[in-house]
Structures are given as structure tokens and as C-alpha cells.
Amino acid sequence: MQLGLIGLGKMGGNMRERIRRAGHTVIGYDRNPEVSDVKSLAELVEKLDAPRHVWVMVPAGTATQTVIDELGDLLSPGDTVIDGGNSRWTDDEKHAAALGIKGIGFVDAGVSGGVWGLENGYALMVGGDKENVDRLQPIFDALKPEGPYGYVHAGRVGAGHFSKMVHNGIEYAMMQAYAEGWELLEKVHSVENVREVFRSWQEGTVIRSWLLDLAVNALDEDEHLQKLRGYAEDSGEGRWTVEAAIDNAVPLPAITASLFARFASRQDDSPQMKMIAALRNQFGGHAVEKKD
């Protein structure tokens with residue numbers, strides 16, 4: 001199967017490689033000519049056989065809107081656009097409507113896997129009409145982890161990104177819990193080996209998880225996280241999760257508190273946020289702020 005892939009950054013570049021390893025043809029475009037297979041979106045579309053399938057993997061917001069607008073002018077009826085970035089689900093509905101007028105299909109795909117996805121696979125939460133989703137199944141199968149799990153057709157357009165948004169909100173709360181526990185362990189004099197306490201939790205406990213494994217990785221690299229500044233960004237999806245909870249009158253005290261804790265990190269050098277920053281760097285390659 002052929003796929004056009006726009007955006008070859010930390011995730012997009014690895015996704016191109018994983019899909020190719022599964023035997024599919026991927027033509028990638030990126031503003032960085034060193035990693036791009038073609039020089040322009042127009043050339044990418046020209047090289048694909050109809051019906052075309054083009055996956056957009058660029059930052060949410062203006063960048064995604066610009067690319068989808070341009071694709072709307074380049075593609076033909078029967079083609080399909082997949083937005084695999086972290087777009088807000090309400091934008092998906094607008095994109096689907098605008099492309100639908102031109103006979104172009106639209107699918108939204110929430111993608112989780114970060115810098116580890118090339119080898120481990122990417123969890124996929126997909127939204128869109130069944131006809132469009134079914135047509136893309138070989139690509140989803142190439143990207144997903146091995147085994148029965150890691151992929152879901154979550155529902156209509158917007159459902160994929162809404163599901164990924166809630167996933168990231170849960171992620172916020174889980175990371176915050178690990179960070180709070182780590183700070184408390186570091187604070188007391190009786191616990192002399194906090195890193196090994198975390199490591200001991202990796203087997204046989206109810207709180208074992210991949211995030212815990214990544215926390216241990218981070219502590220192996222910097223045992224007391226002394227090299228990091230206690231500052232953690234928020235991707236936007238935590239905010240959207242809280243906003244959606246307000247709109248639907250659903251109480252989210254843990255997720256909301258974890259989002260506000262990140263805001264607090266902008267004011268002081270928070271020990272908890274050192275762990276949050278370390279975890280974000282471990283699973284997603286997100287930048288961290290080093291101490292001077």
C-alpha cells in the first residue's frame with residue numbers, strides 16, 4: 001500500500017520507517033530537505049497513485065490547518081487525509097466537513113508511542129467513517145504493536161483525538177502521582193535508596209507500569225535528578241481534557257490537580273516537576289531544562 005507522510009520529526013520519521021518495514025511504500029515530506037523524500041507537497045501528491053492516502057504528522061493548530069488546506073487543493077475526490085497529530089477533536093470536525101465538500105475523506109488518529117514506537121509499535125485511537133478507516137487498515141496494522149491490543153476504531157470523526165486527549169489527561173495524573181511519591185521518599189531521612197525503592201516496585205506491585213520503568217531509567221541517568229530544573233510544559237491536551245470535563249459536568253479532580261501542578265512549576269524549582277520533566281523526556285523525547 002502507498003502512503004504519503006507529512007512531517008518527519010521524532011515520531012513521523014520513525015513511523016515512516018516502521019511502515020516501510022511492514023512492506024508498504026511511504027513517500028515522506030518534511031521542511032527539512034535532509035530527511036524529505038520530495039521537495040514539496042505537490043510533488044508528494046503527484047507521486048502517489050489514486051486513490052491517495054496522506055498522513056499529516058505536524059504540530060496541532062496553525063501548522064496542521066495550513067497543511068490540510070493545501071492538501072484540499074491538491075487532492076482529488078476519493079482520496080483520504082489522516083491527521084495523526086495531537087489536534088483538538090473540534091478541529092477534526094471542521095477538517096472533515098471542509099474536505100468532504102470536495103469528496104476527500106478524513107480520518108483522525110490519536111497516536112501514542114513517542115520515541116519508542118519504532119520498535120514497540122504505536123497505540124492508535126482512530127475516528128472516522130468505517131469505509132475510510134477500513135481502507136487504511138493495512139497502515140494501522142503496520143503501526144500498531146504486535147498482539148490483539150493497541151488499536152481501536154473509537155467512533156466517528158473526532159473520536160480518535162478525543163480518546164487520545166483523555167489518554168494524555170490520565171498520563172498527567174499518573175506522572176504526578178509518581179512524582180509526589182518520589183519527592184516524599186527523597187524528603188525523609190529513613191529511606192536511603194529511593195531509586196532502588198522505585199526499582200523494587202517494577203515487579204509484583206499494583207503500581208507497576210511502563211511509566212514506572214521510565215522513571216527508573218531517568219533515576220539511573222541522574223539518581224536525584226539534580227541536573228534538571230523543576231519545570232514541566234503542558235502539551236495542551238491536559239487543558240482540553242479539563243475543559244471537556246467542565247462542558248460535560250464530569251469531575252476530574254486528579255487530572256485537574258496534575259495540570260495545575262505543572263502551572264505551579266513555572267513559579268518555583270519544583271522537585272516533583274523534575275520527575276515529570278524526566279518522564280516526558282524518557283517517553284517522548286521532550287526537551288528538558290537543565291540547571292545552569
Give the minimum heavy-atom separation between [X] and [Y], together with the two atoms involved.
X	Y	result
Ala154	Gly160	CB-N, 4.4 Å
Ala261	Met273	O-CE, 3.6 Å
Tyr122	Gly114	CE2-O, 3.8 Å
Asn120	Pro145	O-CB, 3.5 Å
His153	Lys130	CE1-CA, 3.9 Å
Ser112	Lys164	CB-CE, 3.8 Å

Gln137 vs Tyr151, side chain to side chain contact (heavy atoms under 4.5 Å, CB included): CA-CA, chis, key distance, verdict: CA-CA 10 Å; Gln137 197 63 51; Tyr151 166 82; 3.2 Å; yes

Distance in Å, [X] [atom1] paired with [Y] [atom2], rounded so as to fall on 0.5 Å steps:
X	Y	atom1	atom2	value
Asn281	Ile276	CG	CD1	13.0 Å
Ile104	Leu74	CD1	CG	9.0 Å
Asn217	Leu211	CG	CG	11.0 Å
Tyr178	Met275	OH	CE	10.5 Å
Ile19	Asp141	CD1	CG	11.5 Å
Gln176	Glu180	CD	CD	4.5 Å

Charged N to carboxylate O under 4.0 angstrom, [X] versus [Y]?
X	Y	result
Asp129	Arg156	no
Glu243	Arg88	yes
Arg208	Asp213	no
Glu183	Lys187	no
Asp73	Lys102	yes
Glu196	Arg199	yes
Lys94	Asp91	yes

Would a distance-only check, ignoring hydrogens and angles, find a side-chain to backbone donor-acceptor pair under 3.5 Å from [X] to [Y]?
X	Y	result
Ser258	Ile255	yes
Thr64	Pro59	yes
His167	Phe162	no
His161	Asp83	yes
Ser40	Glu43	yes
Arg16	Leu8	no
Asn32	Glu34	yes
Asp79	His53	no
Ser200	Val197	yes
Lys10	Gly285	yes

Under 4.5 Å between side-chain heavy atoms, counting indirect links through other Ile/Leu/Val/Met/Phe/Trp/Tyr residues: same cluster for [X] and [Y] or not?
X	Y	result
Trp89	Val126	no
Leu44	Ile82	no
Val67	Val38	yes
Val56	Leu75	yes
Leu225	Met175	yes

With a 4.5 Å limit on heavy-atom distance, are the side chains of [X] and [Y] in contact?
X	Y	result
Trp55	Val81	no
Leu71	Val45	yes
Trp182	Leu219	yes
Thr25	Leu3	no
Asp37	Tyr29	no
Asn168	Thr241	no
Arg239	Phe263	yes
Thr80	Val54	no

Neighbour count above 12 (heavy atom, 6.0 Å) for Lys227 NZ: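 No, the 6.0 Å shell around NZ holds no more than 12 heavy atoms from other groups.
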
Whether over 12 other heavy atoms sit under 6.0 Å from Arg31 CZ: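 It does not: Arg31 CZ has 12 such atoms or fewer within range.
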
Cation-aromatic face contact Arg262/Tyr172, 6.0 Å, 45 degrees: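 Geometry flag: set, cation within 6.0 Å and 45°.
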
Derivation and outcome, side chain to side chain contact (heavy atoms under 4.5 Å, CB included), residues Leu5 and Ile27: CA-CA 6 Å; Leu5 181 58; Ile27 302 172; over 6 Å; no

Step-by-step side chain to side chain contact (heavy atoms under 4.5 Å, CB included) determination, Asp92 to Ser87: CA-CA 7 Å; Asp92 296 326; Ser87 294; 4.1 Å; yes

Donor-acceptor pair between Gln65 and Asp69 side chains, under 3.5 angstrom: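 The answer is yes; a qualifying pair exists.
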
Parallel, tilted or perpendicular, as decided by the 30° and 60° cut-offs, for the rings of Trp210 and Trp116: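 Aromatic pair Trp116/Trp210 classed perpendicular.
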
Candidate pair Gln2 and Val26, rule side chain to side chain contact (heavy atoms under 4.5 Å, CB included), full reasoning: CA-CA 6 Å; Gln2 280 189 332; Val26 184; over 6 Å; no

